[in-house]
There are 2 protein chains.
Amino acid sequence: MKVTELAKEFGTTPDTVRYYTRLKLLNPAKSENGYKYYPLTEISRLKFILSARHLGFSVSDIRHIIDEASLGKSACPLVRSLIKERLADTEKQFQAMLALRKNMNDALAQWDVKEDKTPTSTMVCHLIDSFEPTKEYGGSHD
Amino acid sequence: MKVTELAKEFGTTPDTVRYYTRLKLLNPAKSENGYKYYPLTEISRLKFILSARHLGFSVSDIRHIIDEASLGKSACPLVRSLIKERLADTEKQFQAMLALRKNMNDALAQWDVKEDKTPTSTMVCHLIDSFEPTKEYGGSHD
DNA sequence: CTTGACCTGTGTCTTACACACAGGTTTAAA
DNA sequence: TTTAAACCTGTGTGTAAGACACAGGTCAAG
């Protein structure tokens, strides 16, 4: 399979396939014309990489996992351990986004009843300057 | 005020202050010794920038807002318009994180009852390979 | 006057690709 | 058969928002 074929097969982009290839996560054969051809092992490896990405693993994680597996060892323990870290990261980001979203919605609501004002030397926009986060609890969890 | 003082005052880092200064969002005076000194107008401008960042505006957005205000015009209409875009972006990312988090939790649960396996030429880790997203509805909203 | 704590600018690094570009290759039509 | 479209190649750069490094200047205290 060639780059674009492969990309389409798995619903990704040629650039992504090239990217992984650049990082040597994929190792295609090169035909005489200079084109890259991906044999079955590389095809299933791409599938693996994409699945792992969908599970929140970073490309660097994936590299470590592949390295482990290529030593003949089971990568499963590493995978189990890594996903817990990534889940914790995701949870943090998720909470941050939750708070951000709330702030944004609160701002929209507050601003609805405020008029526009012209700026001064110390005030670019009073909407933003006067916004208050509507704190519900003092964040003491971090 | 000097860089580090300013950063501490608003709970950010000197690097962040320097970054905004590099982008000319802040325009400190330079004293003879070469140090940067931030007068009151710049101090309140930093406060503005940080508030805007907390509301999900990008640095680029902020630049546009400041540009608008520096023409003497009210930046409020722009601000109202931009935050709606950013809120939509945030909502999208939020939903994506929600789905990711679910996938990760599902994976953890599924894997709990699976044993480790050694890799083969076409399988790096069966945990990842065999993971199924537990789709609840066919995502047809984008 | 020296030590240590601050400051300076500038340059590089990060993530996971997307996009650009100059040029080689293949394919299908003319 | 010529040629033009449609593919492919590697490599280089851009992205967001800073973090970190580094060589060197400056300042307060002992």
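Chain naming here is simple, since letters A, B, ... match the order of the sequence lines and numbering starts at 1 in each. Note that the structure is predicted; figures quoted are calculated from it, not measured.
Per the geometry, CG belonging to Leu55(B) stands 14 Å off P belonging to dA17(D), to the nearest Å. When the P atom of dT26(D) is taken as reference, atom NZ of Lys30(B) falls 12 Å away, rounded to whole Å. Atom-to-atom, CG of Leu100(A) to C1' of dA17(D) comes out at 15 Å; the value is rounded to the nearest Å. For Tyr37(B) and dT8(C), the OH to P distance is 8 Å, given to the nearest whole Å. Protein atom NZ of Lys36(B) is 16 Å distant from nucleotide atom P of dC27(D), rounded to whole Å.
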Contact state string [nucleotides 15-25 of chain C, B base, S sugar-phosphate only, - no protein heavy atom under 4.0 Å]: -BBBB----BB
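For residues 112-123 of chain A, every residue pair satisfying the side chain to side chain donor-acceptor pair (under 3.5 Å) rule, not counting sequence neighbours, is listed here: Lys114(A)-Ser130(A), Asp116(A)-Arg80(B). Listed by first and then second residue, the ring pair (Phe, Tyr, Trp, His ring centres under 6.0 Å) pairs that reach into residues 81-118 of chain B are Phe94(A)-Phe94(B), sequence neighbours excluded. The ring pair (Phe, Tyr, Trp, His ring centres under 6.0 Å) contacts involving residues 20-50 of chain B comprise nothing, where partners must be two or more places apart or lie in separate chains. Residue pairs meeting the side chain to side chain donor-acceptor pair (under 3.5 Å) criterion with at least one partner in residues 57-79 of chain A, sequence neighbours excluded, are Ser58(A)-Asp61(A), Asp61(A)-Arg86(A).
The side chain of Lys2(B) places no N or O atom within less than 4.0 Å of a non-bridging phosphate oxygen (OP1 or OP2) of dT8(C).
In terms of heavy-atom proximity, Gly72(A) sits nearest to Pro119(B) at O-CD, 3.8 Å.
Cluster partners of Met123(B): none. The rule joins Ile, Leu, Val, Met, Phe, Trp and Tyr whenever side-chain heavy atoms lie under 4.5 Å apart, and it links nothing here.
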